[in-house]
Amino acid sequence: MSKRKAVSFDENEATLFKKSKETENVKKHSLDSDEEDENDDAYNILNDDDIEGEEDGISRNEDGVRTTAFNMREEMEEGYFDKDGHFVFKKKEDIRDNWLDNIDWHNIKNTNSDGKSQAKSLGDESDSDEEDDTSFNEIECYKMILQYMQPKESITKSLRRLGGGNKRLSSVERLKLKKAGILDASNEKVTQLTELTNNFLNKTGNMDIYEETYEQILEKIKKPTVSEENDELDMYSEDFDKKEKRRLDDPGPSTNKHSEPDKNTALMWEFKWSQKSEEIEGPNTTEQMQKWVDEGDFKVYVYPQELSEDNLSTLPSPSYQKLLNVLEESRYYTADPSVACLFVLSLDTLDRDRLSADYVRNLPAKIQRLSLWNNGMNHVIFNLYSGTWPDYIEENLDFDPGMAILAKASMSVSHVRPGFDISIPLFHKKHPEKGGESGFVGKRYVHGIGSETRNALFHLHNERDLVMVTTCRHGKSWKEMKDERCDEDNLEYDRYDYEVLLQNSTFCLVPRGRRLGSFRFLEALQAGCIPVLLSNSWALPFAQVIDWNKAVIWADERLLLQVPNTVRSVSPSRILELRQQTQILWERYFSSIEKIVFTTLEIIRERLPNQPSRDGLVWNNSPGALLTLPHFSDSLANYPFYTDMYSSGPGDKFTAVIYCQLGSPVVSTSPLYRLVSNVARSSYIARNREATKSSISQRFFPHPLIQTAGVLSLDEDTMLTTDEVDFAFKVWRHFSDRIIGYPARSHYWDDAKGSWGYTSKWTNDYSIVLTGAAFYHRYYNILYTDWLSPLLHKTVEQSQNCEDILMNFLVSHVTRRPPIKVTQRKQYKEQPSAGARSPWNDPDHFIQRQTCLNTFAAVFGYMPLLRSNLRLDPVLFKDPVSNLRKKYRQIELVGS
């Protein structure tokens, strides 16, 4: 490589050198003069002769690739190297600010520390055209703005309406049109409204002015401004005595700036799920809309049933119809595919065994006719059986799922796509849709896949602590294929009652069947029997979120004879833990098709971006992830089920919510006045809130004003003393996951009618505590509003009744525990005055509640209410001791 000396002359360098000489002894004032007192850059330039290793040559292209010689010519055009080897860019032309030319730097330097001289010099040169702030009047400006607005409009919407359909003009164009006298009147209004709004923003600093509505501005005009309030409070003003006397004589409405906003002017939202939809949802509060945004709207679209050539729908199997039913009745469902996140086929994909009666033929062609299929993107395929005799190939579905998510039973760890597919349990066609009991009977195979493991089980049978019984009676050709041991096995099998044997077993073997999964798995979980798995490489259901090491024991099919020693080595404490965990998992995720489907959807939801997720602690502990909504709180300590785990406690304050529907006036003699007075005297009260009759479920709406964990729900005609309120709250703090209250009711099964009955008769047990006078945790407001099925909400709204029964169903379903009644009070409502009619005395009211009870049980799939004989009373209650020694003295004076 040749070496040459770089010789160059830069005119900018010479100019810079010349200027530096001229200004060497001149000290300029500039904004950065503190950092540039010395200008010695011209003397710190690296000589070009000191640059070594440069090459001659010009840029050229070789095979479309541009190459340049190794030199610094292009770089030297933009700057230079100093003597330390640092590259310095050439300074651009100074940008001068004319405002700086008018500053007297001498006066600024001589300004006193108090800043008086500086204020004077700057004040002398202020713009004389600037308006004085004292001449601005907020109320007058608001009145002028209202002239351009219409009711329910914000200023932004008013500007859009006034300028709608008009081409935007530049300032010059507007000026020309204005001089010509042809400026559009609407554009003129837009300009005037904009000027008024901008003037208001500049004078007051109100950054939300453009979003204020007609009603909000009108309300502000009616109320005194802040300056007027300050004038009223100015005790040094000349007319303070007159103002104070006028205020005392006529207090007028409260002008407390910390008071709650008027509910009539609160911002409400209406919306449509899609542009094509004619149904308008709402109105909804800003808090509700924001909550939906935070949660994300996770909706599932189910394809409508396809019609065959004879215009008859292709009916799915009973199991798949149950699956579709729970989806269409759930909070996930949407009938509008444009808002859906996931899609589920109405075509039955559960059984893809060609020998099965439920096998759907020509499925690939039917799927390709679906306009939304899109190669399976955002679709979920549910499948229980794949492959057929004799190989039962796992991935053989007889159709291409494309990019669809597979929610499939009997998946192997080698075929599950991590973070995409979901392994689900194999469930029987008799598995309950939403709840109830289920049970199956096991068989062994005398031939084919799965027969090896099951046929070897007889080696473990000893009729004492290890009972292994199987039957060969399986399939149409079992007699032709039976072996020499079949008759003996069948006789031994008939000696035992399968259900009794299952319920009394500690460990239950779960061998593989034709496929890796087996009905025995759910059987064992339901019975509280510890599953011992004999199915190598099986991907257990929902293994992404469930820690199966806490509930099952793995065994190796190849080491079958080691199973007895393995299970006998498990300690009693470990056995208890494993059995308890089987019940949690069965109850929360596997006891119904509904829970299996919902668990699948929640696993998918947590994979989406910006979606809150639940950790393993939530998934593997009661009440489980399906009932722990993550948008309620970032901390598990705020949920009612985890307070003991975190030793946090539910707090020492409560919020009282009084549901008002009678419309009686609030006077000193009214029941509502007495109730509010008694509750307000409690030392634990944080806030009172009134719920109006806009919707009967409003009493359980998660209002943002409710910040305490404890909520006291009251009817407006409830009779409670302060002592009763305090005692019930004390009890609730120890049982914060339950409903604690006074009025108790009960349910029972009526054999004659074949339905559930509802009674208010006083017996020795109860299963419902009415929320007309009861404490509960505010998290149940979230579950009631966001988690319950839309069918349950519809039942309550149509009957305008039973919301308290539904809340009891919900809490008992979550906790699997009954509510708790306190003290002996039976009558908890004020008797209506003469001529007044209470809705609770209406005969139809009782009939409606009986109907609600059965509807709720049907939707839940079982009866979650549990009976209790417990009643809690204060210490020394009714004891013959001095009343002064008792903490709650008024409770004993209350009649039962």
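If you're wondering where the values come from, they're calculated on a predicted model, not measured in any experiment.
- The aromatic rings of F729 and W732 sit parallel to each other, their planes meeting at less than 30°, with 60° as the upper class boundary.
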- Query: Passes side-chain hydrogen bond (donor to acceptor under 3.5 Å, both in side chains), N854 versus Q850? Steps please.
  - Reply: CA-CA 7 Å; N854 286 278; Q850 192 122 324; over 6 Å; no

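- Taking 4.0 Å as the cut-off between side-chain N and carboxylate O, K322 and E594 do not count as a salt-bridged pair.
- Using cut-offs of 30° and 60° for the angle between ring planes, the F860 and F809 rings count as tilted.
- Using a cutoff of 4.0 Å between basic side-chain nitrogens and carboxylate oxygens, R699 and E803 are scored as salt-bridged.
- A distance of 7.5 Å separates CD of E328 from CD of Q321, quoted to the nearest 0.5 Å.
- For the side chain to side chain contact (heavy atoms under 4.5 Å, CB included) with Y784, the lone residue among L810, L792, V811 that qualifies is L810.
- Atom CG of N869 is surrounded by more than 12 heavy atoms from other residues, nucleotides or ligands within 6.0 Å.
- Ring pair F632/H777 is perpendicular by interplanar angle, where above 60° counts as perpendicular and below 30° as parallel.
- For E577 and K550, the salt-bridge test fails: no basic side-chain N is under 4.0 Å from an acidic carboxylate O.
- Checked for salt-bridge contact, D737 and R817 meet the test: a charged N lies under 4.0 Å from a carboxylate O.
- With sequence neighbours excluded, no residue forms a ring pair (Phe, Tyr, Trp, His ring centres under 6.0 Å) with W554.
- Between E797 and K794, none of the side-chain N atoms (NZ, or NE/NH1/NH2) sits under 4.0 Å from a carboxylate O, so this pair counts as no salt bridge.
- Among W619, Y589, F590, W548, the single residue meeting the ring-ring contact (aromatic ring centres under 6.0 Å, His included) criterion with F542 is F590.
- Checked by atom type, the side-chain pair Y776/N781 shows a donor-acceptor distance below 3.5 Å.
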